[in-house]
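What you see below is based on every heavy atom in this structure, not just the backbone, and it leaves out hydrogens, waters and symmetry mates. To find a chain, count down the sequence lines: A is the first, B the second, and so on, and within it residues start at 1. Worth saying up front: this structure is predicted, and the values here are computed from it rather than measured.
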Amino acid sequence: MRFLRVGAYEVVIVRAQDGEIRAFQNTCRHRGSLICKEREGQVAKLVCPYHRWTYELDGTLIWAGDMGAEFDASKHGLKTVSLRHLDGLIYICLSDTPPDFESFAELAHRYLEVHDLANAKVAYTSTIVEKGNWKLVWENNRECYHCSSNHPSLCRSFSLDPEVAGVAADGSVSASLQAHFDRCEAAGAPAQFRLAGGGQFRLARMPLQANALSYTLDGKPAVARNLGRVAIPDAGPLLMFHYTTTWNHFLPDHSLTFRVMPISTTETEVTTTWLVNKDAVEGVDYDLKCLTEVWVATNNEDREVVETNQWGIFSPAYVPGPYSPDQESGVAQFVDWYVDRIEKALSPVRLVAG
Amino acid sequence: MRFLRVGAYEVVIVRAQDGEIRAFQNTCRHRGSLICKEREGQVAKLVCPYHRWTYELDGTLIWAGDMGAEFDASKHGLKTVSLRHLDGLIYICLSDTPPDFESFAELAHRYLEVHDLANAKVAYTSTIVEKGNWKLVWENNRECYHCSSNHPSLCRSFSLDPEVAGVAADGSVSASLQAHFDRCEAAGAPAQFRLAGGGQFRLARMPLQANALSYTLDGKPAVARNLGRVAIPDAGPLLMFHYTTTWNHFLPDHSLTFRVMPISTTETEVTTTWLVNKDAVEGVDYDLKCLTEVWVATNNEDREVVETNQWGIFSPAYVPGPYSPDQESGVAQFVDWYVDRIEKALSPVRLVAG
Amino acid sequence: MRFLRVGAYEVVIVRAQDGEIRAFQNTCRHRGSLICKEREGQVAKLVCPYHRWTYELDGTLIWAGDMGAEFDASKHGLKTVSLRHLDGLIYICLSDTPPDFESFAELAHRYLEVHDLANAKVAYTSTIVEKGNWKLVWENNRECYHCSSNHPSLCRSFSLDPEVAGVAADGSVSASLQAHFDRCEAAGAPAQFRLAGGGQFRLARMPLQANALSYTLDGKPAVARNLGRVAIPDAGPLLMFHYTTTWNHFLPDHSLTFRVMPISTTETEVTTTWLVNKDAVEGVDYDLKCLTEVWVATNNEDREVVETNQWGIFSPAYVPGPYSPDQESGVAQFVDWYVDRIEKALSPVRLVAG
């Protein structure tokens with residue numbers, strides 16, 4: 001059982017004994033009390049702490065005391081939340097009419113399969129709160145123009161080539177990057193840059209700096225027992241983002257997921273999860289500090305620049321300036337995508353004449 | 001002198017040397033400074049700390065320096081707040097046109113007289129803040145459906161019979177409960193269930209669990225020297241509420257008052273006062289821990305469920321569910337009363353044709 | 001370099017190597033990040049921490065990486081903030097069209113010249129936050145009706161004569177005060193009471209209590225080496241205010257500036273700066289505690305009464321009372337000036353017929 005706050009919503013995610021994973025609104029169908037209060041744990045049933053209304057892990061109400069003869073328990077099961085699996089990753093959607101997920105799932109599955117996430121375990125999780133709007137968190141993520149002056153440890157492995165963070169607006173790719181894609185693909189690791197879903201998601205397996213194999217200070221792999229079957233040690237990270245809630249780095253030796261959760265207009269929670277092979281043993285196959293230190297530091301450095309950015313933007317004297325055409329094409333892509341989404345949401349629905 | 005915050009208002013209650021108790025708006029008639037800042041204490045006059053404007057304990061302005069010949073001190077006395085006594089209890093009302101108090105006072109006086117509260121002293125006061133709307137505090141108070149799973153110490157003495165918290169909507173009373181009322185009344189302790197004032201107040205002397213005489217872990221009286229003249233040791237508590245600010249338990253040996261004060265839409269202050277015979281001596285006639293531990297624990301348990309209830313209700317996915325007809329008739333009564341009051345307040349005033 | 005928050009604005013004030021002092025909006029012309037984050041310090045250039053855009057101390061953008069051929073750095077210098085010197089004091093204005101400053105500067109210069117502030121050094125700075133609206137801070141400042149009951153240490157030197165804080169509404173001055181003005185002026189220290197700028201600023205050199213020469217507990221000078229050239233030791237403080245941001249006390253031996261900065265509707269930052277002759281040596285020419293203790297205590301006492309005043313004013317029962325004609329003429333002057341300003345700002349602009 002895991003409990004997640006998504007904006008004003010409270011969601012509980014459970015895996016039943018049959019292995020099925022489901023998500024529910026974490027509010028009792030009686031008087032609305034929160035049911036699960038712990039962040040995570042193991043439970044046999046979901047029992048409301050107020051009056052002991054008891055639900056199965058599939059949401060069915062199985063006990064409610066003294067409710068009288070007319071009470072129909074079948075109409076008071078927990079409200080479900082849409083949930084989808086994708087190669088070991090779980091996506092939820094609070095809408096009653098979730099948007100299309102297939103086009104993303106089909107494409108991403110092709111790239112993710114080789115990473116074998118179903119056989120991963122969580123080595124470490126870090127949650128930080130950045131005092132900045134979630135869009136500033138994304139704008140920060142979508143460029144590495146700021147890296148050289150802010151991320152000393154990340155810069156030992158992550159490439160400063162602007163193509164890695166952005167790729168040109170027309171989708172053209174340099175010859176050297178294309179050679180890297182081709183080499184990965186030939187070895188069975190899908191790599192070609194793909195921006196799809198109207199710009200909502202992106203997949204590409206990008207090279208690290210020469211001689212770097214993973215996000216470590218010395219560039220060596222962080223885990224001796226690989227997670228997945230990427231045959232080329234220097235394939236670099238598969239970079240995958242899906243606006244507005246997650247970006248990910250899947251490396252030959254381990255994988256990283258990042259979850260972006262707005263708390264308020266000026267606070268954003270960022271949760272980073274380090275995944276390793278489920279048979280990897282801490283202290284034998286990997287050293288936890290060595291595995292995590294680069295992104296723990298990088299996240300903290302990004303928090304600092306995002307907060308300072310937000311601080312300045314609060315000033316009524318702030319006016320947006322121009323982007324660097326080379327370095328900030330990814331930021332422009334994010335902003336264009338967001339504006340397009342908002343414009344569509346705000347547009348009146350057109351009636352089609354019959 | 002006692003200082004009380006009532007919503008945005010600041011009220012000071014004073015007892016003058018003549019024994020008269022009065023309440024005033026605690027804001028200086030000069031430039032508005034708060035006059036009394038201490039929660040309680042003894043003062044000869046009310047002196048504003050800003051410029052020493054000085055008021056008698058009856059609110060008269062008796063000194064204001066350098067105000068010139070045209071200044072009329074008699075027009076700058078403290079604003080009074082309506083105040084009523086009821087057998088040792090004090091009720092205030094901030095309205096300039098307080099609603100009827102007589103119908104409540106006449107009924108309650110009949111029940112309270114035997115408790116002799118004028119000869120009580122305060123043994124202990126506890127103030128807690130529950131992070132929940134005040135209506136959730138009341139809904140929690142008006143049922144004991146939640147007691148068995150949340151109040152282990154209270155359940156040693158308080159009856160789990162739903163009639164005790166609620167009584168049926170049509171006012172009908174079981175034979176065993178009627179027998180208890182009759183026995184108390186015959187012994188001079190008014191007991192019959194009365195819901196009046198359009199549902200705003202309720203009085204009833206309810207039985208405790210068999211063998212329990214007071215709110216203690218072993219069910220024995222908490223105080224050797226009784227407060228009041230209830231002749232039957234197992235008469236149980238006289239339960240009295242008056243929406244929206246107070247519920248009370250008057251036992252043969254001691255009495256409890258609870259004050260409900262909204263601080264914000266999601267915070268409610270609950271103050272509990274333990275009253276004992278003014279001649280009872282702590283350590284001789286009563287042990288303070290034994291006297292207070294059941295309701296200190298119960299209040300804290302209620303705070304927990306109210307806060308968890310509020311937490312779940314914040315979710316946009318929350319929808320109200322059905323009440324238990326047996327267990328939650330008191331909650332329904334409170335909600336109906338409240339909705340009725342709000343509807344009347346929102347209705348346009350009808351003009352009567354002449 | 002000094003960084004100042006003015007309401008929602010972030011301002012950085014710098015003195016370049018050529019001695020020129022300038023103020024800028026402290027937000028990068030690229031993506032808006034705050035540039036200077038330290039309260040004060042020394043820098044060769046202003047470098048944005050996000051992407052290293054670099055500005056000269058005159059605001060010129062001199063480096064911005066990878067911005068492409070079409071980027072015009074000359075159009076992306078820091079936005080300037082209007083800044084004026086006045087005898088060693090600095091005034092800034094956030095408006096793009098600052099109001100007239102000359103009439104104040106011309107008058108104040110005549111009074112300030114003798115204080116030689118260009119040769120001052122900062123001996124001490126104190127910043128406190130008063131939980132009250134900034135107008136209550138000013139109302140408190142503009143009368144000494146509250147002094148006798150709140151400021152025991154200030155009352156050892158500051159005069160309780162109401163004329164000192166207020167002067168009569170018609171500008172008439174008592175014979176004894178006029179004699180003091182005349183004596184100062186004859187000795188080369190401008191002193192005559194002047195209220196100008198439609199009531200926005202006031203200058204007057206006011207006497208201290210008999211035998212007091214400075215704001216010390218024993219009334220003796222706090223600094224052996226005078227700041228300025230006021231020839232009469234008992235000239236008292238030149239009192240200068242300029243609504244809404246500053247009042248000042250310039251004494252024969254040292255000077256005090258007070259800056260009033262609203263943080264929110266109910267919080268006001270008050271910064272007090274003690275200035276002494278730049279050649280005065282701490283521990284030799286002055287004792288820091290002796291220099292500062294009277295106003296450190298007085299500010300703290302004023303914070304207490306302002307907060308208590310605000311507390312009472314929050315009550316819906318508060319109604320404004322009358323002012324003391326003798327003691328609170330200064331408060332009335334402030335309120336009248338403020339109301340006049342607001343009325344003018346709210347009035348529709350009149351079109352002049354051609």
Winner by heavy-atom pair count (cut-off under 4.5 Å) against chain C, out of [options]:
options: B/Lys75, B/Glu10, B/Arg31; value: B/Arg31
options: B/Gly68, B/Ala64, B/Cys28, B/Gly32; value: B/Gly32
options: B/Cys48, B/Ser33, B/Gly7; value: B/Ser33

Tell me, yes or no, whether the heavy-atom count around [X] atom [atom1], taken from other residues, nucleotides or ligands under 6.0 Å, exceeds 12.
X: B/Lys37; atom1: NZ; value: yes
X: C/Lys135; atom1: NZ; value: yes
X: B/Glu70; atom1: CD; value: no
X: C/Tyr124; atom1: OH; value: no
X: B/Asp100; atom1: CG; value: yes
X: C/Asn211; atom1: CG; value: no
X: B/Arg341; atom1: CZ; value: no
X: B/Glu38; atom1: CD; value: no

So for B/Gln25, is it side chain, backbone, both, or neither that comes closer than 4.5 Å to the heavy atoms of chain C?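 Side chain only.
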Given that the side chain runs from C-beta out, which part of B/His76 has a heavy atom under 4.5 Å from chain C: side chain, backbone, both or neither? side chain
Chain B contact via [X] - side chain, backbone, both or neither, heavy atoms under 4.5 Å:
X: C/Glu143; answer: side chain
X: C/Pro322; answer: both
X: C/Glu328; answer: side chain

Between B/Thr27 and C/Phe314, does a side chain to side chain contact (heavy atoms under 4.5 Å, CB included) hold up when you go through it step by step? CA-CA 9 Å; B/Thr27 171; C/Phe314 277 134; over 6 Å; no
Least distance between heavy atoms, C/Thr308 atom then B/Pro49 atom: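 Between these two residues, the closest heavy atoms are CG2-CG, 4.2 Å.
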[options]: which one forms the most heavy-atom pairs within less than 4.5 Å of chain B?
options: C/Val306, C/Asp326, C/Asn150; value: C/Asn150
options: C/Pro320, C/Ala317, C/Pro325; value: C/Ala317
options: C/Gly312, C/Cys147, C/Gly321, C/Pro162; value: C/Gly312

Looking at B/His30, B/His51, B/Met67, which one forms a side chain to side chain contact (heavy atoms under 4.5 Å, CB included) with C/Ser324?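 Only one of B/His30, B/His51, B/Met67 forms a side chain to side chain contact (heavy atoms under 4.5 Å, CB included) with C/Ser324, namely B/Met67.
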Rounded to the nearest 0.5 Å, how far apart are CZ of B/Arg52 and OH of C/Tyr145?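 Nearest 0.5 Å value for the CZ-OH distance: 12.0 Å.
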